[in-house]
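Read through the structure below, which is laid out as C-alpha cells, and then see the notes.
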Amino acid sequence: MIDPRGRRGTSWDAPFLFLVVIHAASGPGCFAADAPNIVFVIADDLGWNDVGFHGSNQVPTPNIDALAYNGIILNSHYVQPTSSPSRASLFTGKYAIKLGMQGSSLLPGEKRSLPEGKLMPEYFKELGYSTYLVGKWHLGYSKWNETPTFRGFDHHYGFYNGHTSYFDYVGTKTYDGIDYHGFDMRRDGVPSFEDAGHYATDAFTDYSVRVIQEHDTSKPLFLMLTHLAVHAGNTGKLLEAPQEAIDKLRHIEDANRRTYAAMVTKLDESLGTLVETLESKKMLQNTVIVFITDNGAATVAPQFKNWGSNYPLRGVKNTLFEGGIRSVAFIYSPLLIQSGRVSKDLMHITDWLPTLYTAANGDIANLGPEIDGIDQWASMVYDLPSPRNDILLNINEKTRNAALRFYNWKLIVGTSMNGTYNDYYGEAVMGVISETSYNGSAVFDSKAGRVIRQVSYTPLTETEYLQLRAEARVARLDAKAKKNPCDPAGGEVCLYDIPNDPCEENDLAKYFPSVVRRMKRALVEYRKSLVPQLEEAVDIENAAPRLFGFTWNPWLDCKDAVCTIPV
Ligand SMILES: *[C@@H]1O[C@H](CO)[C@@H](O)[C@H](O)[C@H]1NC(C)=O
Ligand SMILES: *[C@@H]1O[C@H](CO)[C@@H](O)[C@H](O)[C@H]1NC(C)=O
C-alpha cells in the first residue's frame with residue numbers, strides 16, 4: 001500500500017509521479033472548492049540563529065521547530081536586505097529592481113508606495129479566497145488607494161509604517177531634531193485606539209484566531225500574518241515583551257537579549273495557537289503554512305538594533321551578506337508528500353506568488369510574463385529537483401552594491417552601510433549565563449507538535465527531529481583552514497562557494513575568473529531591466545501626526561482627524 005503521506009524514503013514510481021503532477025496542474029479553478037487555505041506568517045528582523053531548528057539552544061521555539069521539522073526547512077531561501085523591498089517582491093513576484101524598490105525601506109510620512117499593479121492578495125481573491133492582512137504593511141499610505149484594503153485585502157488589522165510600539169502603538173520618527181509621534185494601529189483603515197495596552201504579538205494572534213474561527217469554509221482562506229515581532233520598537237524603548245515571558249528566560253544574562261528572546265517566544269506561541277485553531281476548525285488538513293523573516297536580524301545596526309543573532313552567518317540586515325538575506329524559512333502542510341526534510345534548493349521570496357498560486361489550482365500564465373518568481377510547488381510536494389538555478393539578490397544602483405547566486409556560487413560587488421558590517425559574524429552565545437541544552441521533548445510536546453502528531457499518518461519521532469536539526473545547521477570553516485579574505489568595500493569582487501562556505505570566509509574569485517566573468521555579465525543583463533529607485537520624498541510638514549489627532553494618516557487624502565476611509 002502506498003502511504004499517501006510518506007516522507008523521505010517513500011519510493012514513488014517516476015511515471016506515476018509525473019501523472020500526479022500533470023493532473024494537479026490541469027485546469028485552473030477545476031478544484032476550486034479544494035483549494036488549500038494559505039496562512040503566510042512573516043517575522044520581522046528575525047535572525048538565523050534565533051530559532052531552535054537552526055541549532056540555537058538559547059531561545060526556545062518549540063512550535064516553530066515542530067512545524068519546521070514536519071514540513072520542509074527551506075535553508076537556501078533568500079529575501080531582500082530590508083523590509084519594504086522584501087514585501088514588494090513577495091506581493092508582486094518581481095525582483096525589487098523592476099519596481100524601483102531596490103533601495104531603502106519606506107520612512108514614516110514618505111510619499112513613496114508600491115507601484116500600481118496587481119498584488120498577491122488580488123490574485124487569490126480572483127481564485128475565490130477571503131483575504132486578510134494582519135500586522136505590518138510598510139508599502140505606502142500617503143493616499144487611501146495605497147493602503148491594504150485597496151490593494152487586494154478584504155480586511156486589514158495592523159499598522160502602516162515599518163514599526164510601532166508593542167503596547168501602545170505609537171510610532172516615533174525624528175526629522176531635523178523634532179520627534180513626531182503618531183498612533184499607528186487600524187481596523188480596516190479606522191484607528192483602533194481601543195487596542196492600546198494589548199501586546200502586539202498577542203493582538204495579531206487573537207485577531208487571526210477569530211478570522212479562522214469565523215471563517216466560512218465554503219471559501220478558501222488567504223491569511224497573511226505580518227508580525228511586528230521581532231523588530232525593534234521606538235528609540236528609547238527598543239524592546240518590549242510581557243514581563244512573564246521575560247521571567248522564563250533567566251538563563252540569559254544580558255537584559256536586552258533576554259527581552260528579545262521573550263519577544264521570539266511570543267512569536268513562537270503565536271504559531272502554536274494558529275495551528276491549534278486551524279485543527280479545531282478542521283481546516284489544517286487542507287492548509288499551507290509558510291513562515292519566513294523579511295530580512296536578517298539588526299544585531300548591531302545603528303538604528304532598530306534588536307539584539308537578534310545571525311550567527312554564524314556574515315553581515316546583518318541591510319547587507320547582501322548571508323546574514324542579511326538568507327532568511328529563516330519553512331513550509332508546513334499535510335499536502336506536502338515529501339516532507340520532513342531540509343531543502344538546500346535555491347528559493348527566492350518572489351517564488352511564493354507562483355508557488356502558492358499553483359497550490360491554489362491557479363494557472364500561473366495569469367500572473368503575466370513579467371514575474372521573476374519561479375513555481376516551486378511540484379518540487380516541494382514531491383521533492384523534485386528545483387527549477388531555480390540562479391537568483392538576483394539585488395542591484396542597488398545608488399550604493400553600487402549588487403549580488404547574485406548562480407548554482408553554488410555567490411558574487412558580491414560593492415557594499416552597503418559603508419562596509420561597517422562587512423566583517424561582522426554575530427555572536428554564538430550572546431549574553432548567556434549557561435547554555436541550556438536543546439529540549440526535543442518540549443518541541444515534541446508543544447501545541448504544534450501535538451496537533452501534528454494527531455493529523456499525520458507517519459509523524460516524525462523525536463530522534464528524527466534531532467537529525468533534521470543537525471542537518472539544518474550551518475558552520476564556519478575550520479579555524480585552521482586556509483582562507484582568502486575579501487572585503488568588497490575596497491572595490492574587490494568576492495566569489496563564494498556557498499554550500500561549502502556558507503559564512504563567506506574564503507574568496508575564490510582569483511581561482512575561478514570565468515565564473516566571475518559570467519556572473520558579472522549576468523548582472524549587466526539584469527541591470528538593463530532596472531527601474532531607477534523611486535524618489536524618497538518625506539513630506540513630514542503635511543504628514544505630521546499632530547495634524548490628524550496624533551495618528552499617522554493617509555495625509556494627501558485627508559484634511560483633518562476625522563478623515564474617513566472611503567468605501
Ligand atoms: C557613509 O559615509 C558617508 C560619507 O562619509 C556618510 O555621509 C553616510 O552617512 C555613511 N552612511 C552610513 C550608513 O554609515
Ligand atoms: C523538557 O520539556 C519537557 C516537556 O515540555 C519538560 O517536561 C521537561 O521538564 C523539559 N526539560 C528540561 C531539562 O527543561
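- In this structure the side chain of R151 never reaches within 4.5 angstrom of the side chain of L133, judged on heavy atoms.
- Side chain of R258 to main chain of E253: a donor-acceptor pair is present (N/O by atom type, distance under 3.5 Å, no hydrogens or angles).
- The CG atom of N234 sits 5.5 Å away from the OG atom of S165 when rounded to the nearest 0.5 Å.
- A tilted orientation is assigned to the rings of F167 and Y199, their planes being inclined by 30° to 60°.
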message: Please evaluate residues Q213 and T277 with respect to the criterion side chain to side chain contact (heavy atoms under 4.5 Å, CB included), reporting the C-alpha separation (whole Å), side-chain torsions for both, the decisive distance (0.1 Å), and the verdict.
response: CA-CA 7 Å; Q213 283 171 343; T277 311; 3.9 Å; yes
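- Taking the charged nitrogens against the carboxylate oxygens, E122 and K125 have no contact shorter than 4.0 Å, which rules out a salt bridge.
- Contact check for L274 versus S208: side-chain heavy atoms found under the 4.5 Å cut-off.
- Counting only heavy atoms from C-beta outward, the side chains of Y421 and S416 never approach each other to under 4.5 Å.
- Looking only at side-chain heavy atoms (C-beta outward), W555 and S142 come within less than 4.5 Å of each other.
- Judged by distance alone, the side chain of R405 and the main-chain N or O of I391 form no donor-acceptor pair under 3.5 Å.
- The closest side-chain donor-acceptor pair between D294 and H231, if any, does not fall under 3.5 angstrom.
- Between N161 and Y141, the side chains place a donor N or O and an acceptor N or O closer than 3.5 Å (distance only, hydrogens not considered).
- Between the side chains of D45 and N295, a donor-acceptor pair is found at a separation under 3.5 Å.
- For W352 and F40, the gap between ring centers is short of 6.0 Å.
- Taking a cutoff of 4.0 Å between a charged side-chain nitrogen and a carboxylate oxygen, D179 and K173 do not qualify as a salt bridge.
- Rounding to the nearest 0.5 angstrom, the gap separating the OH atom in Y160 from the OG atom in S113 is 13.0 Å.
- The closest side-chain donor-acceptor pair between T61 and D65 falls under 3.5 angstrom.
- For the residue pair S218/D216, the side-chain donor-acceptor check at 3.5 Å is satisfied.
- M224 places a side-chain heavy atom less than 4.5 Å from the side chain of L90.
- Checked against Y78 for a side chain to side chain donor-acceptor pair (under 3.5 Å), the options E322, R326, H348 give a single hit: E322.
- Relative ring orientation between H155 and Y132 is described as parallel, the plane-to-plane angle staying below 30° on a 0-90° scale split at 30° and 60°.
- A salt bridge links D50 with R257: the distance from a Lys NZ or Arg NE/NH1/NH2 to an Asp or Glu carboxylate oxygen falls below 4.0 Å.
- Separation of atoms OH (Y425) and OH (Y311) is listed at 11.0 Å; rounding is to 0.5 Å.
- Note: F193 and F183 meet the aromatic proximity criterion, with ring centroids under 6.0 Å apart.
- With hydrogens and angles left out, the side-chain atoms of T350 and D372 include no donor and acceptor closer than 3.5 Å.
- For the residue pair S327 and H77, a side-chain donor N or O sits within less than 3.5 Å of a side-chain acceptor on the partner.
- Under a 3.5 Å cut-off, the side chain of S89 and the backbone N or O of S86 do not form any donor-acceptor pair.
- A donor-acceptor distance shorter than 3.5 angstrom exists from the side chain of S105 to the backbone of S84, with no hydrogens or angles considered.
- Shown are N401, L404, I97; of these, the side chain to side chain contact (heavy atoms under 4.5 Å, CB included) with I395 is made only by I97.
- By the 30° and 60° cut-offs, the orientation of the rings of F330 relative to F53 is perpendicular.
- Side-chain atoms of S270 and H227 form a donor-acceptor pair, as typed in the model, at a separation below 3.5 Å.
- Without hydrogens or angle criteria, H138 side chain to L107 main chain gives no donor-acceptor distance under 3.5 Å.
- Under the 4.5 Å side-chain criterion, counting only non-hydrogen atoms from C-beta, C563 is in contact with W144.
- Using a distance-only test at 3.5 Å, with no hydrogens or angles considered, a donor-acceptor pair links the side chain of Y169 to the main chain of A200.
- The shortest side-chain heavy-atom distance between M120 and F222 falls under the 4.5 Å cut-off.
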- request: Just do the side chain to side chain contact (heavy atoms under 4.5 Å, CB included) check on N396 and Q533 with the steps written out, would you?
  value: CA-CA 8 Å; N396 184 329; Q533 286 176 47; 2.7 Å; yes
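- The closest side-chain heavy-atom distance from M185 to D168 is not below 4.5 Å.
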task: Would you check, one step at a time, whether the test side chain to side chain contact (heavy atoms under 4.5 Å, CB included) holds for K136 with S83?
output: CA-CA 10 Å; K136 173 163 162 174; S83 168; 3.2 Å; yes
message: One pair to check against side chain to side chain contact (heavy atoms under 4.5 Å, CB included): D184 and T551. What are the steps and the verdict?
response: CA-CA 6 Å; D184 193 5; T551 61; over 6 Å; no
